[in-house]
Amino acid sequence: MLQELAEKYDLPRLILEQRSISKLKSTYTDKLPIQVKSTSGRIHSSFQQAIAATGRLSSTDPNLQNIPIRTPEGRRVRKAFIAKEGFKLMAADYSQVELRIMAHLSRDAGLLSAFSSAEDVHKATAADVFNTPVDSVTAEQRRSAKAINFGLIYGMSAFGLAKQLNISRGEAQQYVERYFERYPGVRTYMDETRVFADENGFVETIFGRRLYLPGITASNAMIRKAAQRAAINAPMQGSAADIIKQAMIDIDRWLRIGDLDASMLLQVHDELVFEVREKDVELLSEGVKFRMMTAASLEVPLLVDIGVGNNWDQAH
DNA sequence: GAGGGGAGCGCG
DNA sequence: AAAGCGCGCTCCCCTC
């Protein structure tokens with residue numbers, strides 16, 4: 001609501017700015033320093049394993065899975081997470097893992113090829129949807145394609161896409177139609193997933209872990225639609241959760257051997273954060289990358305980006 | 001003073 | 001009438 005008004009007026013913009021800054025202060029700047037344990041000089045978060053419906057971990061006391069990164073002011077908080085003397089922080093991120101899982105699950109030829117050929121999948125999608133060479137894709141087209149890609153994972157409608165991109169509903173509808181023309185397997189997969197959920201009352205990840213959806217047969221259309229969106233999303237979000245957990249187990253087993261001076265500190269859904277002695281950075285990087293990439297074998301490669309730095313922001 | 005519930009905002 | 005998935009924390013209002 002304010003978001004829209006802020007495009008035209010100063011007051012709503014200032015209100016949003018104030019809220020954002022006070023959020024940073026109350027939740028992070030004021031709080032994190034007093035959560036440092038005196039015995040270790042560190043913050044010790046808890047990771048819950050049986051909270052999120054899709055099988056993700058959740059982090060509490062404090063939540064270290066929502067440390068700011070999207071704005072320059074927020075990133076200053078992230079810079080406060082530093083490696084101890086002689087060590088580096090290393091972040092290892094899966095690249096577009098949920099979209100890759102969608103390609104795997106749908107077996108859609110176009111999406112599979114977008115991933116096998118392109119280094120930038122949103123750009124590749126833009127080229128397909130807007131029927132233009134990859135090199136001619138504009139920033140605007142890429143932005144639209146990215147919104148479509150993310151929207152699909154969440155079960156978004158043309159209405160939601162229109163709002164997201166600030167375009168008319170008809171235009172958004174055209175984008176969606178062109179997308180499904182190019183990637184018909186994705187539409188089929190989504191239709192089949194809704195039917196499966198309706199008939200069985202659950203959906204499952206690649207590895208067979210289930211999410212039950214009691215709302216899928218509700219007479220209330222709003223509840224039913226929400227359950228359908230959850231049914232679309234859960235196999236992707238849940239399979240991604242399964243994969244990174246497998247990688248964590250493999251990495252833990254490997255690090256326990258003790259050849260490397262390194263520890264796994266955090267998991268942030270598609271990212272693992274390590275602290276590693278400087279001399280072991282290269283070995284850790286290679287070992288982590290290999291284990292994350294081979295935690296599952298899909299129809300598309302799983303790519304991992306690695307970053308190293310003295311603080312968590314630098315490691316990205 | 002404790003705790004519920006909603007709004008709002010931080011992240012993937 | 002609503003319209004985008006999954007979380008946790010702070011603030012505020014309210015009740016007990």
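What you see below is based on every heavy atom in this structure, not just the backbone, and it leaves out hydrogens, waters and symmetry mates.
From A/Lys279, atom NZ reaches atom CG of A/Leu284 across 11.0 Å, with rounding to the nearest 0.5 Å. Rounding to the nearest 0.5 angstrom, the gap separating the CD atom in A/Glu181 from the CG atom in A/Asn131 is 10.0 Å. In this structure, A/Ile244 CD1 and A/Asp93 CG are separated by 8.5 Å, a value rounded to the nearest 0.5 Å. A/Phe150 CZ to A/Gln96 CD: the interatomic distance, rounded to the nearest 0.5 Å, is 5.5 Å.
Side-chain contact, A/Glu271 with A/His316: a donor N or O sits under 3.5 Å from an acceptor N or O. Using modelled atom types, one finds no donor on one side chain facing an acceptor on the other under 3.5 Å when comparing A/Asn200 with A/Arg210. For the residue pair A/Thr54 and A/Gln237, a side-chain donor N or O sits within less than 3.5 Å of a side-chain acceptor on the partner. With hydrogens and angles left out, the side-chain atoms of A/Ser45 and A/Ser59 include a donor and acceptor closer than 3.5 Å. Judged purely by distance below 3.5 Å, without hydrogens or angles, the side chains of A/Thr125 and A/Asn149 pair a donor atom with an acceptor atom.
A/Phe130 is linked by a ring-ring contact (aromatic ring centres under 6.0 Å, His included) to A/Tyr175, counting only residues two or more places apart in sequence or in another chain. The salt bridge (Lys or Arg N to Asp or Glu O under 4.0 Å) check on A/Arg209 picks up A/Asp242, with sequence neighbours excluded. With sequence neighbours excluded, the residues forming a side-chain contact (heavy atoms from CB on, under 4.5 Å) with A/Glu177 are A/Gln173, listed by chain and number.
At least one side-chain heavy atom of A/Met90 sits less than 4.5 Å from a side-chain heavy atom of A/Ile306. At least one side-chain heavy atom of A/Pro235 sits under 4.5 Å from a side-chain heavy atom of A/Tyr189.
Remark: A/Gln237 in residues 220-238 of chain A come within less than 4.0 Å of DNA chain B through at least one heavy atom. The stretch residues 66-80 of chain A touches DNA chain B through A/Asn66, A/Ile67, A/Pro68, A/Ile69, A/Arg70, each having a heavy atom within less than 4.0 Å of the strand. Of the residues in residues 4-28 of chain A, those lying under 4.0 Å from DNA chain B by heavy-atom distance are A/Leu16, A/Arg19, A/Ser20, A/Lys23, A/Tyr28. Looking at residues 33-53 of chain A, you'll see A/Ile51, A/Ala52, A/Ala53 sit with a heavy atom under 4.0 Å from some atom of DNA chain C.
Every pair passing salt bridge (Lys or Arg N to Asp or Glu O under 4.0 Å) that includes a residue from residues 138-150 of chain A is listed here, sequence neighbours excluded: A/Asp120-A/Arg142, A/Glu140-A/Arg143. For residues 3-12 of chain A, the set of pairs meeting the side chain to side chain donor-acceptor pair (under 3.5 Å) definition, not counting sequence neighbours, comprises A/Asp10-A/Arg13. Among residues at least two apart or in separate chains, salt bridge (Lys or Arg N to Asp or Glu O under 4.0 Å) pairs with a member in residues 284-312 of chain A are A/Arg107-A/Glu299.
Comparing the C1' positions of C/dA1 and B/dG8 gives a spacing of 23 Å, expressed to the nearest Å.
At a threshold of 4.0 Å, the pair A/Asp252-A/Arg256 counts as salt-bridged, since one of the basic side-chain nitrogens sits closer than that to a carboxylate oxygen.
Whole-Å rounding puts the A/Leu32 CG to C/dG8 P distance at 17 Å. In this structure, A/Met190 atom CE and C/dC5 atom P are separated by 13 Å, rounded to whole Å. Remark: C1' of C/dC7 and CG of A/Asp270 are 14 Å apart, rounded to the nearest angstrom. Rounding to whole angstrom units, CD1 of residue A/Ile167 and P of C/dA3 are separated by 19 Å.
Here the side chain of A/Asn63 is nearest to one of C/dG6, C/dT10, C/dG8, namely C/dG8.
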Between protein and nucleotides 5-7 of chain B, what N or O pairs are separated by less than 3.5 Å?
none

For DNA chain C, just give me the dot-bracket, please: Watson-Crick or G-U, both distances below 3.5 Å, ( ) intra-strand, [ ] crossing earlier pairs, | paired with another strand, . unpaired.
....||||||||||||
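Contact annotation for A/Lys31: backbone-only contact, meaning every heavy-atom pair under 4.0 Å involves sugar-phosphate atoms and none involves a base.
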